[in-house]
Each structure stands twice: as structure tokens, then as C-alpha cells.
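Below is one structure, written out as C-alpha cells; comments come after it.
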Amino acid sequence: MEEKASNLKPSRKGFVTNYPYFRQWKKIKPEGMTKLEPLIIYLHIPFCMQRCSYCYYSTTTLQGKKRKEKLNKYVDTLCHEIQIASKYFQLKNRPVISIYFGGGTPTVMNEGHFSKIMEALHNNLNIENPEFTVEAEPVTLTAKKAQTLQNIGVNRISLGVQSLDNDIIKLCNRLDTADRALKAIDIAKNTADVVNIDLLSGLAGETMESWSYTLDKALSTEVESITVYKMELYANTEYYRKIRSDAIEIPSDEIELDFMNHALNRFEEENYLPWSFFTFTKQGLYENVYASDIWRGTDCYAFGVSAFGSLGNWLFQNTNEQDKYITLVNSDKIPINRGKYMNSLDQMIRSIMLGMKLSSFDLNKFQNKYGFKLQTLCSDTLNNLEKEEFIIVSDDYIKMTNKGLLYGDYTGKYLAGSLMAFYK
Ligand SMILES: C[S@@+](CC[C@H](N)C(=O)[O-])C[C@H]1O[C@@H](n2cnc3c(N)ncnc32)[C@H](O)[C@@H]1O
Ligand code: SF4
């Protein structure tokens with residue numbers, strides 16, 4: 001019998017056979033125990049048409065004579081990695097629920113490249129009818145490319161638009177123009193079930209007028225999904241160098257906050273609702289399985305140079321040196337370079353930090369998974385966040401308010417921080 005520690009008297013009676021105790025067990029069938037864990041697949045394509053001034057991603061421009069050779073070699077290596085890593089980690093039978101080609105700019109690849117990769121995926125993994133996203137830069141999305149994407153089963157296209165104001169685009173050193181972007185959006189809409197466009201809030205030269213113009217134009221395309229990233233300034237970017245030499249200026253944090261506030265109002269007016277604090281979709285539908293399931297803890301195997309993912313208790317990342325990646329894979333070595341084993345506390349904190357990105361957090365699922373009631377563990381923190389109007393807490397959910405959405409990861413970091421402090 002389960003007894004309170006305070007009621008226990010020293011005794012040699014009452015041998016423990018198991019825990020949880022048998023009386024807590026329920027009738028089950030063996031099929032219920034063998035469910036294969038679902039899997040997400042990420043493929044990194046580290047090439048772009050140009051290097052955008054604000055971009056901090058690990059990517060190189062495809063220029064010069066060796067352009068084709070470089071890309072061909074990378075794609076062949078990626079296919080080989082798919083083969084050796086799937087075998088090594090026994091991924092073959094796990095149902096793939098989402099495929100995501102990210103970058104860089106995956107649409108710099110041609111039909112032959114895409115076909116080769118798809119063949120490797122089908123030969124080595126269990127792919128039936130997953131959500132299938134490809135990131136694209138508008139200038140690369142021709143009607144022919146779109147046909148290729150449709151042929152291989154892509155059902156979601158995510159276009160990096162950033163701005164629809166030509167003066168702002170020019171300062172970004174992109175090959176796109178507003179017209180090209182709008183044309184690519186049209187092509188994408190005729191190709192995939194769901195089209196997402198990325199916008200960047202806080203670009204150089206942006207004013208409320210130009211930002212509001214971009215938002216209105218973006219909404220007028222009626223795409224299913226609009227993602228707004230806050231432009232983050234990194235030291236490895238052209239923006240950073242230009243700002244330091246006073247050649248350009250970016251909006252202050254306060255002004256950027258006004259831009260985002262305006263965006264929230266416009267989205268609400270047009271019934272684009274958040275399913276994450278930075279992605280707004282028609283009626284809040286079209287949740288992106290790739291992102292939301294990773295945040296909820298589904299494994300993601302990531303192929304390609306510098307790609308990072310998770311398997312069970314492990315987080316891992318491939319080497320970020322392209323030559324090394326190619327040499328390792330072609331000598332049949334898994335190119336993983338670093339990783340982190342997550343203990344139960346890491347996993348619990350991760351589930352809050354990433355889970356709060358979804359703007360709504362399921363408290364019952366948390367308790368079912370970790371056994372703890374978050375409302376008890378973090379009651380003061382939850383009260384503070386609620387008092388400051390970042391969240392609303394009910395019995396079942398934590399929901400971000402508009403102020404919470406505006407401050408992005410702050411709520412998740414604050415909650416996770418209180419849990420860390422509690423346990424350390
Ligand atoms: C890997 S890119 C994929 C799209 C494609 N390469 C393009 O730019 O058209 C993904 C997104 O990252 C975002 N991004 C790039 N640099 C950023 C920065 N400094 N801060 C915040 N977001 C950034 C952009 O909005 C971009 O669309
Ligand atoms: S924003 Fe996109 S196109 Fe520009 S450099 Fe970054 S990944 Fe490449």
C-alpha cells in the first residue's frame with residue numbers, strides 16, 4: 001500500500017515488488033506498447049544567390065566557375081549522409097511526419113538535385129504523406145522550379161520576402177524586388193497548399209510608413225501564413241559593419257516594438273491569428289508541424305553541414321565546416337561534431353522554453369509527461385507574469401497576451417529561469 005512517509009514506521013514487512021504499484025496499471029494490448037516514435041527530417045542547403053546584409057546564417061554564395069561542381073558535390077554528400085545516418089540510428093521504420101528543406105536557399109537546387117535527395121530519402125526512411133516544406137528566395141522561384149517542387153510532393157512553401165518596399169530591399173543587398181516577390185508569391189500559391197512569407201521587422205531605413213506599406217501589401221496577397229522575425233544584429237553581417245561606420249541606421253528597439261505592435265493590430269483586424277508568437281495564419285490554422293512538433297519534443301534528424309537536431313535525450317549538430325563535412329561523410333563517418341545529453345530537468349526546462357513559443361502552453365500535458373504541476377513549481381513566477389500582463393493562466397493553459405507576443409521568448413525564458421533557480 002502507498003503510504004505517506006510521515007506514517008511509515010520502521011519495519012521489514014511490505015516488500016516492494018514494483019513501482020508504480022500494480023494497482024495503478026491498466027489493461028493494455030501489446031500493439032499499444034510498440035508505437036514507433038514519429039520523426040521530423042531537416043535538410044540544410046547552405047547556398048544562396050547572394051549574401052544579404054543582415055543575414056547571420058551559415059551559407060555561401062554560389063558564384064564563379066565552380067558553382068555547379070560545388071553544389072553537385074554537396075548534394076551527393078547529403079544523399080550519402082542520409083544513407084549512413086539512417087542506418088546507424090535505425091531511422092528506417094519511424095514514420096516521417098514532416099520534411100523541411102532549409103538554408104540558405106534550397107531553391108538554388110535544380111530538378112536533378114531535388115530528385116536525387118528524394119530518392120535517398122525514400123530509400124532510407126519511412127515517408128508516406130508528410131507535411132513537406134521548402135524555403136525559397138523569391139528570385140529563385142520560377143514556374144519551372146515550382147513544378148519541380150510540386151512533382152516531389154512539396155505542400156508548403158516558405159518564401160523569404162523580408163520587405164515589399166524596394167528602397168528597404170535595396171539596402172538588404174538582395175536580388176529581389178517587390179514585384180519579383182509578389183510574382184513568386186503567386187507562383188507559390190498555385191503550387192502548394194500553404195504559403196508562408198517571412199518578413200523582417202527592424203530593417204535598415206524602415207519607417208512606420210514603409211513597414212505599414214509592407215504589411216498591407218503582404219496581407220493583400222492572402223497567403224495562409226505570415227511570419228515576422230525581429231531583425232537581430234550580428235557581428236558577422238554587413239549591416240553590423242555599415243552601422244559601425246554610420247553608413248546605415250536601424251530603428252531603435254522602441255521603434256521596432258511599435259512596428260510589431262502595429263503588425264499585431266493589423267493581423268488581428270484581418271483575422272490572422274498567432275499559433276506561435278511570431279507566426280500569424282488565417283484564423284490561426286495551418287500550424288507548421290515542423291516547428292510546432294520540434295517545440296513539443298518530437299525528434300528531428302538534421303542532415304547537412306552545420307545542421308542541428310535531436311534524437312531521444314540527445315541534441316546534436318553536424319560539423320559547420322563544409323570541406324570537413326564532405327570528407328567525413330565520404331569516408332562513411334557520421335559528421336556529428338557536438339551535442340548535449342539532456343537529463344530529465346533539461347528536458348523539462350526545454351519543454352517550457354520552446355513550448356511557450358507556441359503562445360499557448362498545455363499544463364495538463366506537462367503534468368502527464370513530467371509528473372509535476374507547473375502551477376505549483378512556479379506559482380510566484382506565473383503570478384508575476386500574469387500581474388505584468390504577459391500571460392493569462394487558467395486551470396489547463398498558459399496563454400500569452402498581446403504584450404506577451406510582443407516580447408517573444410521573454411515569457412518562456414523567465415519561466416524556465418525560475419525552474420532552473422528552483423532546482424539549483
Ligand atoms: C534561411 S532564411 C530562408 C529564406 C531565403 N534564404 C530568403 O532569404 O529568401 C530564413 C529567414 O531567416 C530570417 N533571418 C535572416 N537573417 C536574420 C536576422 N539577422 N535576424 C532575424 N531573422 C533573420 C529571414 O527572415 C529569412 O527569411
Ligand atoms: S536571408 Fe536568405 S538569401 Fe539572404 S543570405 Fe540569408 S539565407 Fe541567404
Side-chain angles (χ1 to χ4, degrees), residues 42-63 67 71 100-109 133-142 145-146 149 154 156-165 168-178 180-185 187-188 192 195-204 206 211 214-215 218 223 225-243 248 250-251 253 256 259-260 263 276-280 288 290-291 302 304-308 320 322 357 408-409:
Y42 175 81
L43 301 121
H44 190 67
I45 309 299
F47 302 107
C48 290
M49 300 298 288
Q50 76 283 312
R51 160 62 69 178
C52 304
S53 310
Y54 53 77
C55 185
Y56 63 94
Y57 280 71
S58 162
T59 172
T60 48
T61 50
L62 274 176
Q63 274 159 3
R67 172 180 188 267
L71 189 52
Y100 195 99
F101 275 89
T105 304
T107 41
V108 294
M109 295 195 295
T133 305
V134 170
E135 281 182 350
E137 189 193 357
V139 75
T140 60
L141 193 67
T142 57
K145 190 71 54 85
L149 299 184
V154 169
R156 192 173 175 278
I157 294 179
S158 182
L159 281 164
V161 168
Q162 329 306 351
S163 168
L164 287 163
D165 180 308
I168 308 291
I169 300 173
K170 225 179 241 166
L171 285 176
C172 295
N173 187 40
R174 283 171 72 86
L175 291 173
D176 283 324
T177 60
R180 274 195 196 140
L182 292 169
K183 194 162 167 224
I185 292 172
I187 294 176
V195 176
N196 170 71
I197 60 179
D198 290 344
L199 298 179
L200 272 176
S201 159
L203 286 170
E206 196 85 90
W211 174 241
T214 285
L215 275 176
V223 286
S225 166
I226 302 179
T227 298
V228 184
Y229 292 110
K230 173 184 164 58
M231 200 287 294
E232 306 248 8
L233 189 60
Y234 285 85
N236 65 343
T237 59
E238 188 60 21
Y239 253 31
Y240 187 82
R241 285 182 284 279
K242 285 190 170 161
I243 288 165
I248 58 167
I250 54 168
D253 279 349
E256 193 279 328
F259 291 169
M260 201 53 214
S276 85
F277 71 74
F278 54 99
T279 305
F280 301 81
N288 177 202
Y290 166 75
V305 66
S306 76
F308 57 91
N320 55 17
Q322 213 172 114
K357 284 183 187 289
D409 278 316

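As a basis for the values below, the full set of heavy atoms in this structure was taken, side chains included, without hydrogen atoms, waters or symmetry mates. Both ligands and their constituent atoms are indexed starting at 1 by order of listing.
Side-chain contact between Leu199 and Trp211: present, with at least one pair of heavy atoms (C-beta onward) separated by less than 4.5 Å. Side-chain contact check for Ile187 versus Ile157: every heavy-atom pair is 4.5 Å or farther apart.
Listed by chain and number, the residues in a salt bridge (Lys or Arg N to Asp or Glu O under 4.0 Å) with Arg156 amount to none (sequence neighbours excluded). Not counting sequence neighbours, Tyr229 has no partner by the side chain to side chain donor-acceptor pair (under 3.5 Å) test.
Heavy-atom minimum distance, Ala204 versus Ile248: CB-CD1, 3.9 Å. Ile168 approaches Ser163 most closely through the heavy-atom pair CB-OG, 3.6 Å. Of all the heavy atoms in Arg180 and Pro138, the pair that sits closest is O-CB, 4.2 Å.
Between Asp409 and Lys230 there is no salt bridge, since none of the side-chain N atoms of the basic residue sits less than 4.0 Å from a carboxylate O of the acidic one.
Aromatic ring orientation, Tyr54 versus Tyr239: perpendicular (interplanar angle above 60°, classes split at 30° and 60°).
Inside a sphere of radius 2.8 Å centred on atom 4 (Fe) of ligand 2, the protein N/O/S atoms present are Cys52 SG.
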Report every pair formed by an N or O atom of ligand 1 and a protein N or O atom separated by less than 3.5 Å, giving atom names and the distance to 0.1 Å.
from     : atom 1 : to     : atom 2 : distance (Å)
ligand 1 : 6 (N)  : Gly104 : O      : 3.0
ligand 1 : 6 (N)  : Thr105 : OG1    : 3.0
ligand 1 : 8 (O)  : Gln162 : NE2    : 3.3
ligand 1 : 8 (O)  : Arg174 : NH1    : 3.0
ligand 1 : 9 (O)  : Gly160 : O      : 3.3
ligand 1 : 9 (O)  : Arg174 : NH2    : 2.9
ligand 1 : 12 (O) : Tyr57  : OH     : 3.3
ligand 1 : 19 (N) : Tyr54  : O      : 2.9
ligand 1 : 19 (N) : Glu232 : O      : 2.9
ligand 1 : 20 (N) : Glu232 : N      : 3.0
ligand 1 : 25 (O) : Gln162 : OE1    : 2.8
ligand 1 : 27 (O) : Gln162 : NE2    : 2.9
ligand 1 : 27 (O) : Asp198 : OD2    : 2.8

field: Test side chain to side chain donor-acceptor pair (under 3.5 Å) applied to Ser225 and Asn196, step by step
entry: CA-CA 4 Å; Ser225 166; Asn196 170 71; 2.7 Å; yes
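Within the structure, ligand 2 has Tyr54 among the residues with a heavy atom less than 4.0 angstrom away.
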